[in-house]
Number of protein chains: 2
Amino acid sequence: MATTLSSIAEKLSISRGTVSRALRDDSQISISTRNRIKSLAKEMNYKPNLVARGLSLGKTQTIGFLAGSPSLEITSTMEAKLDELANNAGYEVYVAHTKGNLDITVKRAHKLIGRGVDGLIVKGAFPEATVKEIQTKLKFSVPTVLFSGTLFGKSAYSSHRLVCQDVSIGIRKAINHLYRLGHSQIYMFSMCWPGWEKDMRFIEFYKSIESHGFGKGQDRLYSTDESYANKGTRHIIDVDLAFLQTKKFLKSHPECTAIICIQSEFALFLTSALARMGIRVPQDISIVGFDDVSTMAYSQPPLSTIAQPVEEMVNSAFELLMEGIERDIDEPKQIAIPSKFIIRQSAGEVRSEKKISITEK
Amino acid sequence: MATTLSSIAEKLSISRGTVSRALRDDSQISISTRNRIKSLAKEMNYKPNLVARGLSLGKTQTIGFLAGSPSLEITSTMEAKLDELANNAGYEVYVAHTKGNLDITVKRAHKLIGRGVDGLIVKGAFPEATVKEIQTKLKFSVPTVLFSGTLFGKSAYSSHRLVCQDVSIGIRKAINHLYRLGHSQIYMFSMCWPGWEKDMRFIEFYKSIESHGFGKGQDRLYSTDESYANKGTRHIIDVDLAFLQTKKFLKSHPECTAIICIQSEFALFLTSALARMGIRVPQDISIVGFDDVSTMAYSQPPLSTIAQPVEEMVNSAFELLMEGIERDIDEPKQIAIPSKFIIRQSAGEVRSEKKISITEK
DNA sequence: TTGTAAGCGTTATCAG
DNA sequence: CTGATAACGCTTACAA
């Protein structure tokens with residue numbers, strides 16, 4: 001059906017080998033026959049069969065992307081970026097969704113290896129897995145780079161090639177920013193999940209709070225798990241409950257002047273919830289979010305946020321992978337890319353009143 | 001390196017054909033040798049080389065997903081769903097991002113066909129393309145189903161297999177809902193883009209407004225293109241400008257009691273912008289959005305919205321594709337899935353005062 | 001029930 | 001500079 005090397009070779013009464021070489025511009029083939037072949041190929045609308053080429057070469061020019069949490073704007077952004085890089089380099093990308101589950105990840109990875117992928121990018125932090133599991137299960141027969149937004153202890157990855165976010169920078173910048181604006185009563189809001197204690201974002205937050213002499217870091221964490229659930233593919237906030245809890249928090253902590261929200265959705269929620277309570281952002285309370293979901297920029301006021309440098313991370317991951325695929329480099333290597341602090345309008349000068357009060361119901 | 005059919009055949013001193021059949025549970029092979037082979041295969045950790053199988057069979061059990069607009073939560077949700085369906089059916093999926101551009105789409109599609117994909121799902125509406133272009137360029141040598149959230153005139157697709165959203169239902173439901181709540185001064189907000197006039201959402205909105213006897217539909221559209229731009233991979237709202245324009249609108253249309261926002265980001269923006277102006281939602285003005293971005297549920301109040309039935313659409317698209325791939329069905333067929341209207345709290349009873357007034361700056 | 005051999009569309013080695 | 005030929009790993013008539 002489709003035109004093949006043989007079919008064009010036959011038409012020209014020459015060998016398939018010659019056609020193959022000509023079409024790849026092998027300088028061994030004389031210019032004249034090269035041209036003859038190429039023009040006929042074009043005429044016959046020849047397209048190389050890449051699966052045959054893959055079989056022959058043992059390389060398919062494909063990579064697999066194991067996507068962790070689905071339904072996230074950030075996942076899609078990463079994929080688009082990866083696709084762009086890969087495509088420019090002549091690769092095609094398979095994507096498999098793993099829900100952040102280690103076993104699913106491993107299973108899909110092996111399937112993709114069976115498909116002949118030349119390399120793998122594995123996104124996910126696997127907070128529920130043990131260090132040993134990570135070290136053993138995440139080793140594959142093709143070059144692999146791990147990719148994680150937030151890290152749960154670096155040691156687990158010491159034998160891998162990995163790109164991660166260095167959250168400490170962003171958090172420190174955010175807290176310094178708030179400090180300069182006069183804040184000291186800074187709290188972190190979080191809706192927790194299994195394994196959260198190991199998340200570097202908390203640890204760095206504690207550190208930063210303590211280094212400013214604001215007291216014990218842990219005392220500045222206000223968290224709840226009741227209002228946050230992973231339903232199907234989405235994280236769900238129980239808004240009514242969250243509204244109540246926020247009000248309760250403010251009553252028991254009227255001294256609070258600034259809140260850092262570890263979930264972007266919650267930051268969004270909080271901004272409008274405060275407006276409803278008659279509390280102005282940033283005049284009465286300053287808010288800082290995490291990640292850079294586009295809607296954060298369209299919140300009123302637009303939200304300042306500690307953001308993952310998604311593009312840079314994808315760039316590095318791809319580069320690491322290409323080193324592995326095209327230059328056989330596979331020595332362990334961890335690249336941590338500093339998170340950014342994006343200043344918008346939700347963090348402002350500290351208010352003058354000591355205590356906050358809720359006007360509206 | 002990896003164990004192959006031959007390597008296990010050799011160990012057992014039998015032919016590769018037998019091994020091949022045994023491993024696929026061909027009943028021709030005696031149970032006993034089948035077991036012998038299978039257990040050795042397991043022991044040797046045999047994984048079939050799917051690219052070789054693909055070459056042999058002329059089918060790869062892969063499909064290509066051409067993703068339109070990137071960086072959208074909805075894109076990621078669709079992908080995850082498609083991946084789930086495909087994987088259960090034994091398929092793997094390539095994804096290629098096209099930025100909604102027809103030529104990129106065509107180019108990537110052909111690349112994927114060269115990779116041997118068995119079928120293609122093409123997402124995108126291509127508002128800038130002519131009917132002729134759509135009819136000719138979107139035809140490929142493998143089963144293809146088109147997938148579009150909003151349609152720009154159905155006629156262009158009459159020779160394709162397609163799944164789309166029937167927006168009319170959702171819009172009618174939304175407007176009926178508002179009507180029952182006493183609203184008649186209903187407006188639609190939109191930030192426009194090339195080709196927007198053809199978008200069914202406007203057309204259905206006009207229809208619905210007029211069928212209620214509210215007057216001319218077009219008079220109820222408030223649109224601007226200055227504040228909406230497609231910067232890189234993201235749609236950008238100029239929030240300050242949008243804030244001003246919203247204020248201007250309310251001053252010139254103080255009778256407005258309900259607003260339907262065609263962009264979800266804008267609905268989000270509008271809710272918090274109104275809060276800032278001292279206008280309560282829904283007590284003073286009701287808001288309805290489009291699509292169902294998760295953050296819309298976490299807005300305060302949570303936003304009522306006309307939502308794309310993403311899962312159903314993906315289900316149908318996959319089914320259509322499988323018909324094409326596995327049963328050679330390729331007669332044109334269009335499936336329109338009714339959009340849903342999700343009632344949350346941003347649309348409420350119409351206010352009693354005739355005119356709205358802005359209290360805060 | 002099993003073995004043999006051709007074929008899928010390439011690339012690569014080795015002669016000529 | 002070009003042509004044979006083997007090889008990649010698997011499936012599948014056809015034979016035995």
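The sequence lines fix the lettering, A, B, ..., with proteins before strands; numbering per chain opens at 1.
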Legend entry - Main-chain N/O of B:Phe140 paired to B:Thr144 side chain as donor or acceptor, under 3.5 Å: no
Inset, instruction - Summarise how protein sits on nucleotides 6-16 of chain C as a single string, 5' to 3': B when a protein heavy atom is under 4.0 Å from the base, S for sugar-phosphate-only contact, - for no contact. - result: BBBBBBBB---
Inset, instruction - Could you tell me whether A:Glu326 atom CD has more than 12 heavy atoms of other residues or ligands within 6.0 Å of it? - result: yes
Legend entry - Of the listed nucleotides C:dG3, D:dG3, D:dC1, the one nearest the side chain of A:Ser30: D:dC1
Inset, instruction - Whole angstrom is fine here: how far is it from CG in A:Asn35 over to C1' in D:dC1? - result: 15 Å
Legend entry - Gap between atoms NZ and P, on A:Lys59 and D:dG9 respectively (whole Å): 14 Å
Inset, instruction - Using five pairs at either end of the helix from C:dT1-D:dA16 to C:dG16-D:dC1, determine the angle between the two local helix axes and round it to 10 degrees. - result: 40°
Inset, instruction - Examine the side chains of B:Lys47 and B:Asn49 and answer whether a donor and an acceptor come within less than 3.5 Å of each other. - result: no
Legend entry - d(CG, B:Leu23; P, D:dG9) in whole Å: 15 Å
Inset, instruction - Rounded off to whole Å, could you give me the CG-to-P distance for the A:Leu12 and D:dC1 pair? - result: 18 Å
Inset, instruction - Could you verify whether a donor N or O on one side chain and an acceptor N or O on the other, from B:Ser30 and B:Arg34, lie under 3.5 Å apart? - result: no
Inset, instruction - Starting at atom CD1 of A:Ile31, determine the distance to atom C1' of D:dT2, rounded to an integer number of angstrom. - result: 15 Å
Inset, instruction - Check whether more than 12 heavy atoms from other residues, nucleotides or ligands sit under 6.0 Å from atom NZ of A:Lys59, and answer yes or no. - result: yes
Legend entry - ring-ring contact (aromatic ring centres under 6.0 Å, His included) partners of residues 11-45 of chain A, not counting sequence neighbours, each pair once: none
Legend entry - NZ (A:Lys139) with more than 12 external heavy atoms under 6.0 Å: yes
Legend entry - No-hydrogen, no-angle side-chain donor-acceptor test under 3.5 Å, B:Arg36 and B:Ser32: no
